[in-house]
Amino acid sequence: MFIEITDIQKQYLDKDNNPLNVLTDINLKVEKGEFVSILGPSGCGKSTLLSIVAGLTKATSGEIVVNNQKITKPGKDRGMVFQQAALFPWLNVMENVTFPLKKEMSKKQAEDQAKKYLQMVQLSNYLHHYPHELSGGMQQRVAIARALAMNPDTLLMDEPFGALDEQTRSRLHGQLETIWTETKKTILFVTHSISESIKLSDRIIVMGTKPGTILQDIQVDLPRPREQYKKEMLEIEEHIMGYLKKEIDKVVSEELANASNT
Amino acid sequence: MHPTLKRIIFFTSIIAFWEIGSRLELWLPIILPSPTMVLDALVTGFEDKTLIYDLVASFKRLGVGLALSLLIGSALGVLLAKSKTADETIGTVILALQAVPSIVWLPLAIMWFGMNETSVIFVVVLGGTFVMTLNMRSGIKNVHPLYIKAAQTMGSRGWDLFVRVIFPASIPHVVTGARLAWAFCWRALMAGELLSTGPGLGYTLRFASDFGNMALVIGVMIIIGIIGYIVDQLIFQRVEKTVLKRWGLES
Ligand SMILES: Nc1ncnc2c1ncn2[C@@H]1O[C@H](COP(=O)(O)OP(=O)(O)OP(=O)(O)O)[C@@H](O)[C@H]1O
Ligand SMILES: [Mg+2]
């Protein structure tokens, strides 16, 4: 297995220093080249899980092995697209995308590489703009180009298309699919959108909340491109909706209980 | 009305009132010489080049003093931000020292270095160092964690992370620190020169005062004010504005 997540637990201390279980008993195995989506209600620990795989957050217990190496720190083998764009405001678009490439290739090569991916996200005309001059969705596309240009074996994407309009999103779906089939990257893809996860992934992990656990591991066996399987996709969507609804109801009723207590 | 127009009218009326008052001898020239006398004193000063020598001498001290205070201040700031122990020990001392106007060091400096250039520069350096330290420190401490995380996933760490992410991310604080350091150094320089030796604007100010040349006193004060204004408004404010905008801290 390419990624092995074993018995991951994560606790944070809340403001009264009581441990708060964010993730419990997370076990997940991902094959090389697999496209895995993670779905779950807000606050169930999706970003936390991705951050642990990236090596940015330490798990309370458990271990993660990627490509036969135990994860203890971040590395260029795992590229990350954060929920917020995380561009460096003092660098222009081109400099942001070439940031991770500086060490391993010449300036010219790095810029060509960057241009290729910026063209893919339709931002060729913005090479010399600074992040504050771009819209939120454009910033997010630069961040996607930056992660792709680094060419990591594993891509960790935290709601990368959340801030984009429907058309741009669907175009980027196509491009991500192409990159994925061409380069056989392993992708962990966090999303809120059930249809997005069905359209893109081999497998969908449905997470529940309080504490965050894996509820379902759903294989999506439709051939690609999947646009012509509208009916099958809808069936899967309803199936997943059933699980998620219970979880979301749980969050809502807890909120209501808390509200009436205070 | 345009602000520039308002300012022109404002200053013209003040100067007109001042000139007319002097001509009508509402006050004695030794108390307040007229604008024409001040202008005369300035023209004479620039023609015989004494004011030019003063300006050059003052700027030389300021340049050396400010540069040293920015260097030392930044280094101390990085140290305080990176080392908890340093922050808890040296940090406290610096907070206390920052509350002391640097000119009070002059008597000690004169004992250590003599009544000379070094003493004045010493006071100037002390004037700017601690604000720079405190701003550099908070700049580094307030770098958005997301920038650091993003850089780490791109393989940056250690020195590379500091030079390419942490330092640039703290530039807005560095600029503010430099601006305050300049203002403190400029004030310390004038005080230092007033109390020690020349040439220099502060020294000429005292010299003119000792000889009752009030026109020159006011002329030099105007020069000091104008230089302060130009450097602050035209240089630092602009740089600060550009940086804040670029760094996305201002819309
Ligand atoms: N640094 C932290 N300290 C304390 N609690 C935290 C911290 N980071 C996250 N949490 C908590 O952990 C839980 C999971 O957060 P996380 O960001 O992983 O959720 P998520 O599934 O990504 O949600 P969303 O879909 O809204 O992005 C939340 O309840 C959050 O309050
Ligand atoms: Mg999240």
Side-chain angles (χ1 to χ4, degrees), chain A residues 47-48 50-57 66 71-92 95-104 110 128-134 136 139-140 142-152 154-158, chain B residues 70 74 77-78 81-82 84 132 135-179 235-251:
Chain A
S47 297
T48 307
L50 230 53
S51 168
I52 297 173
V53 179
L56 293 169
T57 304
V66 175
I71 299 303
T72 52
K73 57 176 195 296
K76 280 178 100 167
D77 58 317
R78 285 151 289 139
M80 177 111 175
V81 180
F82 292 84
Q83 203 164 349
Q84 301 100 337
L87 300 177
F88 302 127
W90 56 92
L91 300 179
N92 66 25
E95 291 160 343
N96 262 290
V97 178
T98 53
F99 183 94
L101 309 176
K102 285 264 163 66
K103 289 255 162 67
E104 58 207 42
H128 303 292
H129 283 60
Y130 283 87
H132 76 92
E133 297 166 320
L134 305 178
Q139 293 180 13
Q140 193 62 14
V142 177
I144 293 167
R146 179 172 72 176
L148 290 173
M150 200 169 83
N151 196 19
T154 308
L155 258 180
L156 308 169
M157 306 181 89
D158 195 351
Chain B
L70 293 183
S74 304
V78 172
K82 290 282 169 193
K84 198 154 186 286
M132 189 61 204
N135 276 278
M136 186 80 225
R137 173 187 172 279
S138 65
I140 288 181
K141 287 216 149 190
N142 289 315
V143 173
H144 200 312
L146 192 59
Y147 296 152
I148 296 177
K149 288 183 182 179
Q152 285 173 334
T153 64
M154 293 186 281
S156 179
R157 59 193 127 84
W159 180 243
D160 184 72
L161 181 68
F162 181 80
V163 175
R164 293 175 71 200
V165 179
I166 296 176
F167 183 74
S170 58
I171 296 263
H173 283 85
V174 171
V175 174
T176 308
R179 181 175 163 206
I235 303 179
F236 280 105
Q237 291 260 36
R238 282 188 188 189
V239 173
E240 205 168 27
K241 223 172 150 176
T242 320
V243 165
L244 286 183
K245 199 168 161 205
R246 167 81 49 87
W247 265 245
L249 298 167
E250 186 198 73
S251 54

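Computed over heavy atoms, backbone and side chain alike; hydrogens, waters and symmetry mates excluded. Per chain, numbering begins at 1; letters A, B, ... match sequence-line order.
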Quiz prompt | B:Asp160 side-chain N/O to B:Ser156 backbone N/O, donor-acceptor pair under 3.5 Å | solution = no
Quiz item: Are the side chain of A:Gln83 and the backbone of A:Asp158 linked by a donor-acceptor contact shorter than 3.5 Å?
Solution: no
Quiz item: Does any heavy atom of chain A fall under 4.5 Å from the side chain of B:Arg157, the backbone, both, or neither of them?
Solution: side chain
Exercise. Can you tell which part of B:Val165 gets under 4.5 Å to a heavy atom of chain A, answering side chain, backbone, both or neither?
Key: both
Quiz item: Relative to chain B, which segment of A:Phe82 carries a heavy atom at a distance below 4.5 Å: side chain, backbone, both, or neither?
Solution: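 For A:Phe82, side-chain heavy atoms alone lie under 4.5 Å from chain B.
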Quiz item: For A:Leu87, is it the side chain, the backbone, both or neither that has a heavy atom under 4.5 Å from a heavy atom of chain B?
Solution: backbone
Self-check item: Top of A:Ala54, A:Pro100, A:Ala143 for chain B proximity - count of heavy-atom pairs under 4.5 angstrom
Solution: A:Pro100
Self-check item: Value rounded to 0.5 Å, distance of NZ in A:Lys76 from OG1 in B:Thr153
Solution: 10.5 Å
Practice problem: Give the ring-plane orientation class for B:Tyr147 versus A:Phe88, where under 30° counts as parallel, over 60° as perpendicular and anything between as tilted. | Solution: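 If you compare the ring of B:Tyr147 with that of A:Phe88, the planes turn out perpendicular.
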Quiz item: Does the cation-pi check pass for A:Arg146 over A:Phe99, that is, NZ or CZ under 6.0 Å from the six-membered ring centre and within 45° of its axis?
Solution: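 Pair A:Arg146/A:Phe99 does not count as cation-pi.
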